[in-house]
Student: 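If you scroll down you'll find the structure; I have some questions about it.
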Amino acid sequence: MCIIYRFIPPPTTHFRGSDWPAQGQAFSHGAQEIPDLAPHRPIPNEQQPSDHVPIVAQFRTRSNHHTMRLVAKEWFLSLAGKEAQVPLNQQQLKSAFKLYDHDGTGSISQPNFRKVIASLFGILPDRCETVCQSCFAAQSELTLGDFISLYLDSVKAAGLPGLEDLRDAFDLFDLDK
């Protein structure tokens, strides 16, 4: 979910019935920068007559399908040796598996796998052949168990995402070196 905040100053006009802006229209006073709320200039003051800072929040939600596509991309990128943006949990892995198993058979064939990869990325990525060979080396179809095992093996091999940054930060603050 993406949240966008804007400071909206209080309207100087009081709206009545039909004067109220229609849905999707903004107040005529527009948006301004967030006021200076320094300790030496507490609100209420002449610029901000109320002690409430009015905020307008805009929420954007993603559809389940869009989220499923993002998770399926993360799964592939993890297997391709790219650092994952977020680690995937059991629920997300099941969701990604459903996308790859678009015919609902409970398993993923190599041709279906390639079709889904092409639809996710627009073209077949460079590492697609390598990932296909590693996924389908021992069997002709992947089950959910195979799908999860492949992901877990790739995460173990890659290590914890951001671990090096965490170590650097720890070293920076470690006074007992």
Side-chain angles (χ1 to χ4, degrees), residues 1-8 22-26 31 34 52-176:
M1 179 183 307
C2 175
I3 303 173
I4 301 169
Y5 293 101
R6 289 184 299 158
F7 170 73
I8 306 293
Q23 186 175 0
Q25 292 181 339
I34 295 177
H52 296 93
V53 178
I55 300 289
V56 172
Q58 183 180 41
F59 296 91
R60 294 185 188 146
T61 59
R62 295 183 173 136
S63 69
N64 287 340
H65 183 70
H66 186 254
T67 303
M68 192 184 299
R69 288 177 59 87
L70 291 175
V71 170
K73 279 184 179 182
E74 283 291 325
W75 179 86
F76 176 82
L77 292 173
S78 292
L79 266 65
K82 309 287 184 193
E83 186 172 312
Q85 298 296 317
V86 291
L88 303 177
N89 61 33
Q90 189 84 8
Q91 179 77 21
Q92 291 170 322
L93 288 168
K94 286 179 182 179
S95 177
F97 181 79
K98 285 181 185 177
L99 186 75
Y100 285 101
D101 178 30
H102 61 85
D103 56 3
T105 60
S107 62
I108 306 166
S109 66
Q110 193 167 354
N112 283 348
F113 180 79
R114 288 177 185 277
K115 285 179 193 173
V116 172
I117 296 299
S119 74
L120 288 174
F121 292 96
I123 58 169
L124 290 178
D126 298 339
R127 303 270 309 178
C128 186
E129 281 305 314
T130 309
V131 172
C132 280
Q133 288 173 2
S134 67
C135 289
F136 296 99
Q139 65 270 3
S140 61
E141 294 191 341
L142 293 177
T143 63
L144 176 61
D146 299 329
F147 188 83
I148 292 173
S149 293
L150 286 166
Y151 175 76
L152 294 176
D153 291 345
S154 71
V155 169
K156 286 177 191 173
L160 181 65
L163 183 60
E164 196 59 40
D165 293 335
L166 182 62
R167 285 184 180 145
D168 290 344
F170 185 81
D171 287 342
L172 181 68
F173 291 104
D174 184 19
L175 302 176
D176 299 333

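When a residue number appears, it is its place in the shown sequence, counting from 1.
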Student: Is Glu141 close to Asp146 at the side-chain level, that is, under 4.5 Å between some pair of heavy atoms?
Tutor: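 The answer is no, as the side chains (C-beta and beyond) never meet within the 4.5 Å cut-off.
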
Student: Rounded at 0.5 Å granularity, tell me how far CD1 in Ile108 sits from CZ in Phe136.
Tutor: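 Going from the CD1 atom of Ile108 to the CZ atom of Phe136 covers 6.5 Å.
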
Student: How far does OH of Tyr151 sit from CD of Glu74, to the nearest 0.5 angstrom?
Tutor: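 These two atoms lie 7.5 Å from each other.
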
Student: What I'd like to find out is whether the side chain of Leu99 reaches to under 4.5 Å of the side chain of Leu120, using heavy atoms alone.
Tutor: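 Yes, their side chains come closer than 4.5 Å.
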
Student: Quick one: pull up CZ in Arg114 and SG in Cys132 and give me the separation to the nearest 0.5 Å.
Tutor: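 So the CZ of Arg114 and the SG of Cys132 are separated by 4.0 Å.
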
Student: So, taking the atom named CG in Leu152 and the one named OG in Ser78, what distance separates them when rounded to the nearest 0.5 Å?
Tutor: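 Rounded to the nearest 0.5 Å, the CG-OG separation comes to 10.0 Å.
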
Student: Can you tell me how far the CG atom of Leu77 sits from the CH2 atom of Trp75, to the nearest 0.5 Å?
Tutor: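 Nearest 0.5 Å value for the CG-CH2 distance: 10.5 Å.
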
Student: Can you name the nearest heavy-atom pair linking Cys135 to Leu150, along with the distance?
Tutor: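 Between these two residues, the closest heavy atoms are SG-CD1, 3.6 Å.
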
Student: I would like to know whether Asp103 and Asp101 meet side chain to side chain contact (heavy atoms under 4.5 Å, CB included); could you show each step before the answer?
Tutor: CA-CA 6 Å; Asp103 56 3; Asp101 178 30; 2.9 Å; yes

Student: Closest heavy-atom contact between Leu79 and Ser154?
Tutor: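 For Leu79 and Ser154, the tightest heavy-atom pair comes out as CD1-OG, 3.6 Å.
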
Student: For Phe76 versus Cys128, what's the shortest heavy-atom pair and its separation?
Tutor: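 For Phe76 versus Cys128, the nearest heavy atoms are CZ-CA, 3.9 Å.
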
Student: CZ of Phe97 to OG1 of Thr143: how many Å apart, nearest 0.5 Å?
Tutor: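 Interatomic distance, Phe97 CZ to Thr143 OG1, rounded to 0.5 Å: 6.5 Å.
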
Student: Could you pull out the closest heavy-atom pair between Ala72 and Tyr100, with the gap in Å?
Tutor: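 In this case the closest contact between Ala72 and Tyr100 is O-OH, 2.9 Å.
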
Student: For residues 63-70, which side-chain donor-acceptor pairs fall under 3.5 Å, sequence neighbours excluded?
Tutor:
| unit_1 | atom_1 | unit_2 | atom_2 | d |
| --- | --- | --- | --- | --- |
| Ser63 | OG | His66 | N | 3.1 |
| Thr67 | OG1 | Ser63 | O | 3.2 |
| Arg69 | NH2 | Ser119 | O | 3.0 |

Student: Checking side-chain contact (heavy atoms from CB on, under 4.5 Å) between Lys94 and each of Val71, Leu88, Leu144, Asn89, which is the one that passes?
Tutor: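 Testing each of Val71, Leu88, Leu144, Asn89 against Lys94, the sole residue satisfying side-chain contact (heavy atoms from CB on, under 4.5 Å) is Leu144.
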
